[in-house]
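Everything quoted here is computed from the prediction, not taken from an experiment.
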Amino acid sequence: MKYIDVVIDNKSEHTDMLYTYGCSEDEIQVGQKVCVPFGKGNRIREAYVFRVVDEPEREYPNLKFAESLDPDICLTEEMIRTCIWMKRRYLCKYIDAVKCFVPAGSKSKRGKKRNPYKDAEGEQKPEPELTAEQEAVLRPIRQAIQKGSHRRFLVYGVTGSGKTEVYMRAAQQCVLSGKQAIMLVPEISLTTQVIERFIGRFGAEKIAVLHSRLSLGERHDEWMRIKNGEVKIVIGARSAVFAPLKKIGLIILDEEHEATYKSDMTPKYDTVEVALKRLQSHKGVLICGSATPAVSTYYRSEHGIFERLELTKRYNQTELPEVAIVDMRSELKAGNKTMISRALYRQMTEAFEKKKQVILFLNRRGYSTFISCRECGMALRCPDCGISLTYHKEENRAVCHYCGHNEPLPSVCPQCGSAYIRHFGAGTEKVEEAVMEMFPQARAERLDLDVTKRKGSIDRILNRFKKGTIDILIGTQLVAKGLDFRNVALVGIISADVTLNIPDFRSPERTFQLITQAAGRAGRGEEKGRVIIQSYTPENYAVRLAAEQDYKEFYEAEIKLRSYMGYPPYSDLIQMVFSSKEEAQAKGAAEGWFEKIQQALPEAQREYLFRPQAAPMKKIKEIYRYSMMLKCPHGMRQAYTAVLERIKEAEKARKKNYTVTIDINPYSFI
DNA sequence: AGCACGCCGACT
DNA sequence: GTCGGCGTGCTC
């Protein structure tokens, strides 16, 4: 007879705690899925064992007994420890964390197992010889994996420097050492080449692929294959970090800087953090790889938290493309009011004459519009936060989405006095139209998230582009990621200013990354490629240094700014969103929390909490939203989240007419 | 979240 | 006298 503490699979905040049951099964283990009677009606509910003890901590007058255990689903102690850690770190419920580890689907009815990649042949290529640089990078990685020491590496390697080969060799070492590896990629549908290479090298039977396009049954089967130890390497998007492997020797995050590694659903976890937590238990190795590391990651590699390894040479010795910036202010002065500069037009014409292909980037304007001067390029920014102000139509004002600072819309540019100051963003959609008009004979295709939603259409469009049945690919960031097209001679970035003016402290970082990645798409064949960046602020450091392909210089400039403004990595940002059907309730909840947090903070730290403000898209599906931001300076994060945890706990006792969602270091602010 | 208990109003 | 309305409070 054992006593077990379980977490009930139940959506309520109120039951988010451990319940003690009796269990006659002496073999019961932490992580086991069980069925227990719960509540007054003793309805049978699913639950997960978090603790097993011989004697209960106190008397339970009406102790109940667990009824049965699920033979298939059993998490390890390490996974349960990670769940407990996640609850505290992301302020989610136990069950939310548990759900990350268990497969969503149930056992497939037909006992037949399906491996979606069973028939994939893989890219059959002999193992290439490693370059001296790759050898040097692999040496410490292999050593760490072999010795089973928990170490963290940043592999900073320029595009085309052979990072994937390094990953594969590291994974090979991991398998040789009797451990398993997880290979994470930002977006599975754009990573078929990587999967093919892994399958070609290791064989389909040793690899599991996890992603959202799998059916529930397929996902369950893959999960079981992994759990039963049939699989050596798991490839997948961020959720694959939860793969039920027994001995994790290695976790790789490819394109480490990508936003998709931060979950925007509950629990709002950060993949690197979860990976590190798991690897601590497994004494495993973390590899973060990127050609444009996140500023916070590079900072860690400067301060001994990550060991930095560099790949500086392009694998096949192809030259970096020639990058030119076009000053859109002078285009306007010269009377060109279209979104295509004369230089870009010329280059496109030339490319088509040579039967080459063109990629145009048009960044989605997203949810906000910034205000800038078309004559001098200046964009309105918050005097306190340094981020772009957003145009609010209703009040005709410019508003800061971090602190709420707002000012009336100027009628003339405060810098140069021009009357050509207006809100920007709209109009980028017209690029496709403009291009069609300028090049009616060219076959253009658009690739963005709307198109992507239709299953399989990414691959279809990309295949057509590869075959050459499309001349111009017009796309968003999607197209920038790791695609390898030989025949692309020219990449045009329609407006670098759009990403630059997204109201987020990371906008320079993202601009730099986008331009660099986009540039990497040009000239992958024998001929040198060309890149044209159009901007109203060509002197901006992010635009200029991206054109020069100078990451380190950019990092130095950016980290100074972060330090000065107190943004990550010098702080953590916490966003709270309060939503309700009634506007007054959402507002009231936000203000109530504001007061409570203020009271909990020492007076000198109250400036770190910004006043709540209505979300720009105030009403989504009849729900009103208010948001508020808390900046946690160095080392204060735990103390601050503990304050929020206490308030959340206290609010739970009352009946609430609102919901609060807390996002630690969100990727976008609303 | 559910589910039961509970204490008031319209019905057989 | 009883059926059922949903307000309240607890779930090992």
Side-chain angles (χ1 to χ4, degrees), chain A residues 1-70 73-75 77 79-81 83-84 86-88 90-102 104-106 265-268 576-582 584-586 588-589 592-593 621-625 644-662:
Chain A
M1 163 77 179
K2 299 274 186 189
Y3 292 86
I4 57 176
D5 288 349
V6 302
V7 166
I8 311 281
D9 186 356
N10 195 358
K11 296 186 192 129
S12 168
E13 298 252 279
H14 296 100
T15 53
D16 177 34
M17 51 152 126
L18 297 178
Y19 289 91
T20 304
Y21 281 83
C23 182
S24 52
E25 189 72 63
D26 275 349
E27 309 299 294
I28 189 81
Q29 274 177 19
V30 167
Q32 192 73 62
K33 184 179 176 184
V34 293
C35 286
V36 294
F38 189 68
K40 300 230 170 91
N42 278 329
R43 231 185 78 174
I44 301 304
R45 291 179 165 279
E46 294 177 345
Y48 296 86
V49 178
F50 270 54
R51 219 154 69 100
V52 180
V53 286
D54 290 319
E55 288 302 323
E57 251 161 44
R58 58 183 178 89
E59 280 293 305
Y60 292 97
N62 37 8
L63 183 85
K64 295 178 189 175
F65 285 79
E67 299 215 328
S68 67
L69 23 124
D70 188 317
I73 311 288
C74 185
L75 307 185
E77 283 205 52
M79 295 179 193
I80 297 297
R81 268 203 305 280
C83 288
I84 295 167
M86 281 174 76
K87 177 186 162 69
R88 297 218 69 173
Y90 304 115
L91 302 176
C92 65
K93 299 193 293 274
Y94 283 122
I95 196 68
D96 294 331
V98 171
K99 288 290 168 84
C100 294
F101 283 98
V102 297
S106 55
M265 289 180 303
T266 316
K268 297 175 187 291
M576 290 155 271
V577 178
F578 304 87
S579 51
S580 171
K581 278 184 190 136
E582 300 291 330
Q585 286 168 355
W593 275 67
K621 283 187 238 153
E622 301 302 304
I623 301 279
Y624 290 91
R625 289 139 39 98
L644 300 185
E645 206 179 354
R646 271 212 317 278
I647 296 173
K648 206 177 172 187
E649 207 60 32
E651 284 289 285
K652 212 162 83 174
R654 303 194 3 230
K655 60 170 186 333
K656 309 174 298 177
N657 45 23
Y658 67 92
T659 41
V660 56
T661 41
I662 297 170

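For A:N657, the side chain to side chain contact (heavy atoms under 4.5 Å, CB included) partners at least two apart in sequence or on another chain are A:Q585. Taking the side-chain hydrogen bond (donor to acceptor under 3.5 Å, both in side chains) definition, one finds that A:Q29 meets it with nothing, sequence neighbours left out. Residues satisfying the side chain to side chain contact (heavy atoms under 4.5 Å, CB included) criterion with A:R51, sequence neighbours excluded, are A:D5, A:V53, A:E57. Shown here are the ring-ring contact (aromatic ring centres under 6.0 Å, His included) partners of A:Y3, two or more places apart in sequence or in another chain: there are none. In this structure A:C74 satisfies the side chain to side chain contact (heavy atoms under 4.5 Å, CB included) test together with A:Q32, sequence neighbours excluded. A:Y60 pairs by the side chain to side chain contact (heavy atoms under 4.5 Å, CB included) definition with A:T20, A:P56, A:R58, A:L63, not counting sequence neighbours.
Taking every nucleotide of DNA chain B with any atom under 4.0 Å from a non-hydrogen atom of chain A, the first and last of them, 5' to 3', are B:dA1 to B:dA4.
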If a protein heavy atom is under 4.0 Å from the base, mark B; if only from the sugar-phosphate, S; if neither, -; do that for nucleotides 5-12 of chain C going 5' to 3'. ----B-BB
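Pairs passing the ring-ring contact (aromatic ring centres under 6.0 Å, His included) check and including a residue from residues 14-46 of chain A, sequence neighbours excluded, read A:Y19-A:F38.
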